[in-house]
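What follows is a set of notes on a single structure, which appears directly below.
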Amino acid sequence: MDTRQMRYFVALAETLHFGRAAERLNMTQPPFSRQIANLERDLGVTLVNRTSRQVSLTLAGQRFLEDSREVLASFDTACRDARLVAEGQKGELRFGFMMHAAHRIVPRIVSGYSAIRPDVRLSLSETTPADIERLLLNGELDAAVTFSGGTAPQLESLPIFTDRLCLVVPPSHRLAACLSVEAQDLRDEDVIATPASVAETLHRTIVEYLTGGGVVPRFRFEPQLQNTILRLVAAGLGVALVPESICDERSADLVARPLAGAPELEVVLKIARERDNPAVAPLVELIRAQSFLGTDG
(Lines give C-alpha, C1' and ligand atoms only; values in the text may rest on other atoms or scores of the structure.)
Protein backbone atom coordinates (compact mmCIF):
# COMPACT_ATOMS: atom_id res chain seq x y z
CA MET A 1 0.00 0.00 0.00
CA ASP A 2 1.19 3.54 -0.73
CA THR A 3 -0.15 7.08 -0.87
CA ARG A 4 -1.10 6.60 -4.51
CA GLN A 5 -3.64 3.95 -3.55
CA MET A 6 -4.98 6.26 -0.84
CA ARG A 7 -5.50 8.98 -3.45
CA TYR A 8 -7.37 6.51 -5.65
CA PHE A 9 -9.65 5.62 -2.79
CA VAL A 10 -10.29 9.25 -1.78
CA ALA A 11 -11.25 10.05 -5.39
CA LEU A 12 -13.69 7.14 -5.40
CA ALA A 13 -15.11 8.07 -1.98
CA GLU A 14 -15.68 11.66 -3.09
CA THR A 15 -17.34 10.77 -6.40
CA LEU A 16 -18.91 7.40 -5.47
CA HIS A 17 -18.48 6.50 -9.12
CA PHE A 18 -15.66 4.37 -10.55
CA GLY A 19 -15.76 6.03 -13.96
CA ARG A 20 -15.72 9.62 -12.71
CA ALA A 21 -13.03 8.84 -10.14
CA ALA A 22 -10.83 7.26 -12.82
CA GLU A 23 -11.41 10.25 -15.10
CA ARG A 24 -10.40 12.64 -12.32
CA LEU A 25 -7.09 10.77 -12.06
CA ASN A 26 -6.60 10.60 -15.85
CA MET A 27 -6.99 6.82 -15.84
CA THR A 28 -9.23 4.35 -17.56
CA GLN A 29 -11.70 2.54 -15.36
CA PRO A 30 -10.35 -1.06 -15.47
CA PRO A 31 -6.90 -0.34 -13.98
CA PHE A 32 -8.50 2.06 -11.48
CA SER A 33 -10.91 -0.66 -10.34
CA ARG A 34 -8.02 -3.09 -9.99
CA GLN A 35 -6.18 -0.63 -7.74
CA ILE A 36 -9.19 -0.34 -5.42
CA ALA A 37 -9.55 -4.10 -5.34
CA ASN A 38 -5.83 -4.50 -4.57
CA LEU A 39 -6.16 -1.96 -1.74
CA GLU A 40 -9.05 -3.88 -0.19
CA ARG A 41 -7.10 -7.12 -0.54
CA ASP A 42 -4.04 -5.62 1.15
CA LEU A 43 -6.16 -4.26 4.00
CA GLY A 44 -8.26 -7.40 4.30
CA VAL A 45 -11.48 -5.36 4.51
CA THR A 46 -14.24 -4.22 2.18
CA LEU A 47 -14.14 -0.44 1.75
CA VAL A 48 -16.96 0.05 -0.74
CA ASN A 49 -20.26 -1.64 -1.45
CA ARG A 50 -20.74 -2.12 -5.17
CA THR A 51 -24.03 -2.67 -6.93
CA SER A 52 -25.00 -2.19 -10.53
CA ARG A 53 -26.60 1.12 -9.65
CA GLN A 54 -24.50 2.69 -6.92
CA VAL A 55 -21.31 2.71 -4.88
CA SER A 56 -21.34 3.39 -1.16
CA LEU A 57 -18.75 3.32 1.60
CA THR A 58 -18.77 0.68 4.29
CA LEU A 59 -18.17 1.73 7.89
CA ALA A 60 -14.55 0.66 7.43
CA GLY A 61 -14.42 2.70 4.24
CA GLN A 62 -15.77 5.80 5.99
CA ARG A 63 -13.10 5.55 8.65
CA PHE A 64 -10.40 4.83 6.09
CA LEU A 65 -11.48 7.95 4.18
CA GLU A 66 -11.01 10.16 7.25
CA ASP A 67 -7.61 8.68 8.04
CA SER A 68 -6.49 8.77 4.41
CA ARG A 69 -7.29 12.46 4.15
CA GLU A 70 -5.19 13.15 7.26
CA VAL A 71 -2.30 11.01 6.02
CA LEU A 72 -2.35 12.61 2.57
CA ALA A 73 -2.53 16.11 4.05
CA SER A 74 0.46 15.34 6.28
CA PHE A 75 2.35 13.79 3.38
CA ASP A 76 1.67 16.79 1.14
CA THR A 77 2.77 19.13 3.94
CA ALA A 78 5.97 17.14 4.42
CA CYS A 79 6.75 17.32 0.69
CA ARG A 80 6.02 21.04 0.58
CA ASP A 81 8.09 21.75 3.68
CA ALA A 82 11.04 19.80 2.31
CA ARG A 83 10.98 21.92 -0.85
CA LEU A 84 10.61 25.14 1.14
CA VAL A 85 13.54 24.24 3.40
CA ALA A 86 15.68 23.42 0.36
CA GLU A 87 14.76 26.81 -1.10
CA GLY A 88 15.50 28.67 2.14
CA GLN A 89 11.83 29.58 2.54
CA LYS A 90 11.40 27.58 5.73
CA GLY A 91 13.54 26.01 8.43
CA GLU A 92 15.78 27.52 11.08
CA LEU A 93 18.57 30.08 11.05
CA ARG A 94 20.90 30.09 14.06
CA PHE A 95 21.91 33.73 14.29
CA GLY A 96 24.57 34.90 16.72
CA PHE A 97 25.55 38.43 17.65
CA MET A 98 27.78 40.32 20.05
CA MET A 99 26.18 42.57 22.64
CA HIS A 100 27.73 45.61 20.93
CA ALA A 101 25.41 45.02 17.98
CA ALA A 102 22.27 44.32 20.00
CA HIS A 103 21.18 47.94 20.40
CA ARG A 104 21.04 49.16 16.81
CA ILE A 105 21.90 46.58 14.18
CA VAL A 106 20.50 43.25 15.32
CA PRO A 107 16.87 44.41 15.72
CA ARG A 108 16.99 45.84 12.19
CA ILE A 109 18.48 42.68 10.71
CA VAL A 110 15.98 40.46 12.52
CA SER A 111 13.10 42.67 11.39
CA GLY A 112 14.33 42.78 7.80
CA TYR A 113 14.95 39.04 7.62
CA SER A 114 11.61 38.16 9.22
CA ALA A 115 9.86 40.30 6.61
CA ILE A 116 11.38 38.38 3.69
CA ARG A 117 11.44 34.94 5.34
CA PRO A 118 8.50 34.84 7.77
CA ASP A 119 8.46 31.03 7.90
CA VAL A 120 12.12 30.65 8.88
CA ARG A 121 12.56 30.41 12.64
CA LEU A 122 15.34 32.67 13.88
CA SER A 123 17.23 31.19 16.81
CA LEU A 124 19.06 34.14 18.40
CA SER A 125 22.22 33.72 20.48
CA GLU A 126 23.93 36.65 22.16
CA THR A 127 27.57 35.82 22.74
CA THR A 128 31.01 37.38 22.91
CA PRO A 129 33.15 38.18 19.86
CA ALA A 130 35.74 35.71 21.14
CA ASP A 131 33.25 32.85 20.96
CA ILE A 132 31.56 33.73 17.68
CA GLU A 133 34.18 32.30 15.34
CA ARG A 134 34.42 29.09 17.34
CA LEU A 135 30.66 28.61 17.20
CA LEU A 136 30.62 29.28 13.46
CA LEU A 137 33.48 26.88 12.79
CA ASN A 138 31.84 24.19 14.94
CA GLY A 139 28.60 24.55 13.04
CA GLU A 140 26.71 25.75 16.11
CA LEU A 141 25.83 29.06 14.41
CA ASP A 142 24.87 29.71 10.80
CA ALA A 143 25.75 33.42 10.82
CA ALA A 144 26.83 36.04 13.32
CA VAL A 145 27.35 39.79 13.68
CA THR A 146 30.69 40.76 15.18
CA PHE A 147 33.71 43.02 14.71
CA SER A 148 35.89 42.53 11.67
CA GLY A 149 39.41 41.23 11.95
CA GLY A 150 41.00 37.89 12.64
CA THR A 151 38.65 35.96 10.38
CA ALA A 152 39.47 32.27 9.91
CA PRO A 153 39.99 31.20 6.27
CA GLN A 154 36.92 28.96 6.47
CA LEU A 155 34.75 32.03 7.11
CA GLU A 156 33.89 35.07 5.06
CA SER A 157 32.91 38.54 6.26
CA LEU A 158 30.28 40.84 4.80
CA PRO A 159 30.47 44.50 5.88
CA ILE A 160 27.41 45.84 7.66
CA PHE A 161 28.30 49.28 8.99
CA THR A 162 31.07 51.36 10.54
CA ASP A 163 30.84 52.15 14.23
CA ARG A 164 33.03 54.62 16.11
CA LEU A 165 34.37 54.87 19.61
CA CYS A 166 32.93 57.47 21.94
CA LEU A 167 33.55 58.34 25.58
CA VAL A 168 31.03 57.53 28.29
CA VAL A 169 31.21 59.30 31.68
CA PRO A 170 28.86 60.14 34.56
CA PRO A 171 27.08 63.53 34.28
CA SER A 172 29.21 64.88 37.14
CA HIS A 173 32.51 64.07 35.41
CA ARG A 174 34.79 66.92 34.36
CA LEU A 175 34.61 65.84 30.72
CA ALA A 176 30.82 65.63 30.60
CA ALA A 177 30.49 69.21 29.40
CA CYS A 178 33.10 68.91 26.63
CA LEU A 179 31.90 69.05 23.03
CA SER A 180 34.74 66.75 22.05
CA VAL A 181 37.36 64.80 23.98
CA GLU A 182 40.94 64.03 22.92
CA ALA A 183 43.04 61.08 23.99
CA GLN A 184 45.28 63.36 26.09
CA ASP A 185 42.25 64.36 28.18
CA LEU A 186 42.11 60.79 29.49
CA ARG A 187 45.67 60.72 30.81
CA ASP A 188 44.69 60.48 34.48
CA GLU A 189 41.51 58.45 34.06
CA ASP A 190 40.76 54.92 35.13
CA VAL A 191 39.40 53.08 32.10
CA ILE A 192 36.79 50.33 32.19
CA ALA A 193 36.92 48.12 29.10
CA THR A 194 36.13 44.69 27.71
CA PRO A 195 39.24 42.46 28.00
CA ALA A 196 41.12 41.40 24.89
CA SER A 197 40.21 37.78 25.60
CA VAL A 198 36.54 38.67 25.01
CA ALA A 199 36.65 41.35 22.30
CA GLU A 200 40.18 41.56 20.91
CA THR A 201 39.35 44.04 18.14
CA LEU A 202 37.59 46.47 20.48
CA HIS A 203 40.26 46.22 23.17
CA ARG A 204 43.07 46.75 20.66
CA THR A 205 41.32 49.77 19.17
CA ILE A 206 40.98 51.37 22.61
CA VAL A 207 44.64 50.76 23.43
CA GLU A 208 45.82 52.11 20.06
CA TYR A 209 43.71 55.25 20.41
CA LEU A 210 45.04 56.03 23.88
CA THR A 211 48.66 55.20 23.19
CA GLY A 212 48.49 57.12 19.92
CA GLY A 213 47.63 60.19 22.01
CA GLY A 214 50.51 59.57 24.37
CA VAL A 215 48.37 58.02 27.11
CA VAL A 216 49.33 54.80 28.86
CA PRO A 217 46.01 52.94 29.40
CA ARG A 218 45.11 52.39 33.02
CA PHE A 219 42.48 49.65 33.03
CA ARG A 220 40.76 49.45 36.39
CA PHE A 221 38.09 46.90 35.59
CA GLU A 222 37.67 44.59 32.59
CA PRO A 223 34.21 43.00 32.75
CA GLN A 224 32.97 40.85 29.91
CA LEU A 225 29.59 42.47 29.38
CA GLN A 226 29.16 45.93 27.89
CA ASN A 227 26.14 46.67 30.10
CA THR A 228 28.27 45.97 33.16
CA ILE A 229 30.84 48.47 31.89
CA LEU A 230 28.16 51.14 31.57
CA ARG A 231 26.85 50.44 35.07
CA LEU A 232 30.33 50.76 36.55
CA VAL A 233 30.83 54.05 34.74
CA ALA A 234 27.49 55.32 36.03
CA ALA A 235 28.67 54.45 39.54
CA GLY A 236 31.68 56.74 39.08
CA LEU A 237 34.27 53.97 39.02
CA GLY A 238 35.92 55.03 35.79
CA VAL A 239 35.34 56.09 32.18
CA ALA A 240 34.78 53.90 29.14
CA LEU A 241 35.46 54.05 25.44
CA VAL A 242 32.61 52.20 23.79
CA PRO A 243 31.00 51.89 20.34
CA GLU A 244 28.64 54.76 19.61
CA SER A 245 25.85 52.37 18.68
CA ILE A 246 25.41 51.11 22.25
CA CYS A 247 24.72 54.68 23.38
CA ASP A 248 21.51 54.95 21.33
CA GLU A 249 19.48 54.40 24.48
CA ARG A 250 20.56 57.34 26.60
CA SER A 251 20.50 57.08 30.38
CA ALA A 252 20.16 59.90 32.91
CA ASP A 253 23.24 58.64 34.76
CA LEU A 254 25.50 58.50 31.69
CA VAL A 255 26.81 61.06 29.22
CA ALA A 256 28.32 60.12 25.85
CA ARG A 257 30.85 62.45 24.28
CA PRO A 258 32.51 62.22 20.83
CA LEU A 259 36.22 61.55 20.60
CA ALA A 260 38.47 63.71 18.45
CA GLY A 261 39.82 61.48 15.70
CA ALA A 262 37.56 58.68 16.89
CA PRO A 263 38.76 55.29 15.61
CA GLU A 264 36.37 53.26 13.51
CA LEU A 265 35.13 49.77 14.20
CA GLU A 266 33.93 47.70 11.27
CA VAL A 267 30.94 45.53 12.10
CA VAL A 268 30.45 42.54 9.80
CA LEU A 269 28.36 39.45 9.25
CA LYS A 270 30.46 36.29 9.40
CA ILE A 271 29.33 33.09 7.71
CA ALA A 272 30.96 29.82 6.70
CA ARG A 273 32.29 29.76 3.13
CA GLU A 274 30.91 26.24 2.74
CA ARG A 275 27.43 26.08 4.20
CA ASP A 276 24.48 23.75 3.74
CA ASN A 277 21.69 25.83 5.27
CA PRO A 278 19.74 27.50 2.43
CA ALA A 279 18.23 29.95 4.93
CA VAL A 280 21.59 31.78 5.05
CA ALA A 281 21.38 32.98 1.43
CA PRO A 282 18.47 35.41 2.01
CA LEU A 283 20.37 36.86 4.99
CA VAL A 284 23.42 37.42 2.80
CA GLU A 285 21.25 39.17 0.21
CA LEU A 286 19.75 41.36 2.93
CA ILE A 287 23.16 42.38 4.26
CA ARG A 288 24.50 43.14 0.78
CA ALA A 289 21.44 45.25 -0.02
CA GLN A 290 21.89 47.21 3.24
CA SER A 291 18.22 48.21 3.01
CA PHE A 292 17.62 47.40 6.70
CA LEU A 293 19.98 50.20 7.79
CA GLY A 294 17.65 53.02 6.82
CA THR A 295 19.01 56.55 6.52
CA ASP A 296 20.86 56.68 9.83
CA GLY A 297 22.86 53.41 9.57
Side-chain angles (χ1 to χ4, degrees), residues 97-109 128-129 145-150 157 159-269 290 292-297:
F97 58 92
M98 60 181 181
M99 179 180 292
H100 311 82
H103 293 260
R104 181 188 300 178
I105 292 301
V106 169
R108 297 183 183 185
I109 293 176
T128 65
V145 175
T146 185
F147 293 122
S148 65
S157 297
I160 299 178
F161 87 114
T162 301
D163 212 338
R164 289 177 177 80
L165 281 186
C166 69
L167 177 71
V168 177
V169 297
S172 59
H173 194 276
R174 64 182 179 86
L175 298 175
C178 296
L179 296 179
S180 180
V181 177
E182 298 191 13
Q184 298 92 315
D185 298 326
L186 303 174
R187 188 177 304 276
D188 299 320
E189 297 292 339
D190 289 328
V191 178
I192 304 172
T194 305
S197 60
V198 171
E200 192 275 334
T201 297
L202 176 58
H203 190 89
R204 185 184 68 250
T205 302
I206 293 171
V207 171
E208 289 176 350
Y209 178 72
L210 293 174
T211 56
V215 177
V216 177
R218 194 169 69 195
F219 294 111
R220 184 177 182 186
F221 300 111
E222 294 184 284
Q224 290 193 18
L225 302 180
Q226 203 69 26
N227 284 341
T228 304
I229 291 174
L230 297 180
R231 293 302 98 210
L232 292 175
V233 171
L237 298 174
V239 303
L241 282 71
V242 300
E244 284 182 349
S245 61
I246 74 165
C247 299
D248 288 348
E249 299 175 6
R250 299 304 172 89
S251 171
D253 51 5
L254 289 172
V255 174
R257 288 292 174 257
L259 294 171
E264 296 182 341
L265 291 161
E266 294 297 328
V267 178
V268 300
L269 179 79
Q290 300 271 302
F292 63 92
L293 288 175
T295 57
D296 59 342

Could you report the tightest heavy-atom contact between [X] and [Y], atom names first, then the distance?
X	Y	answer
Y209	G261	CE1-O, 3.6 Å
Q224	T128	OE1-CG2, 4.3 Å
V215	Q184	CG2-CA, 3.9 Å
C247	C166	SG-SG, 3.7 Å
P258	L179	CG-O, 3.1 Å

- CD/E266: more than 12 non-hydrogen atoms of other groups inside 6.0 Å: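 Yes.
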
- Quick one: salt bridge (Lys or Arg N to Asp or Glu O under 4.0 Å) partners of E182, sequence neighbours excluded?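 For E182, no residue satisfies salt bridge (Lys or Arg N to Asp or Glu O under 4.0 Å) once neighbours in sequence are set aside.
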
- Task: For side-chain contact (heavy atoms from CB on, under 4.5 Å), just list the numbers for F147 and V267, CA-CA rounded to whole Å, side-chain angles, deciding distance to a tenth of an Å, and then say yes or no.
- Result: CA-CA 5 Å; F147 293 122; V267 178; 4.3 Å; yes

Hey, what do you get for [atom1] ([X]) to [atom2] ([Y]), rounding to the nearest 0.5 Å?
X	Y	atom1	atom2	result
R104	F161	CZ	CZ	5.5 Å
C178	L259	SG	CG	11.0 Å
L241	L202	CG	CG	9.0 Å
H103	Q226	NE2	CD	7.5 Å

- Message: Against P170, only a single residue in D253, V233, V255 fulfils side-chain contact (heavy atoms from CB on, under 4.5 Å); can you say which?
- Response: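 Considering D253, V233, V255, a side-chain contact (heavy atoms from CB on, under 4.5 Å) with P170 is found only for V233.
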
- Should L230 and I246 be marked as a side-chain contact (heavy atoms from CB on, under 4.5 Å) after you check the CA-CA gap, both sets of side-chain angles, and the distance that decides it? CA-CA 10 Å; L230 297 180; I246 74 165; 4.1 Å; yes

- Message: Between L210 and L186, is there a side-chain heavy-atom distance shorter than 4.5 Å?
- Response: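 Result yes, sub-4.5 Å side-chain heavy-atom pair found.
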
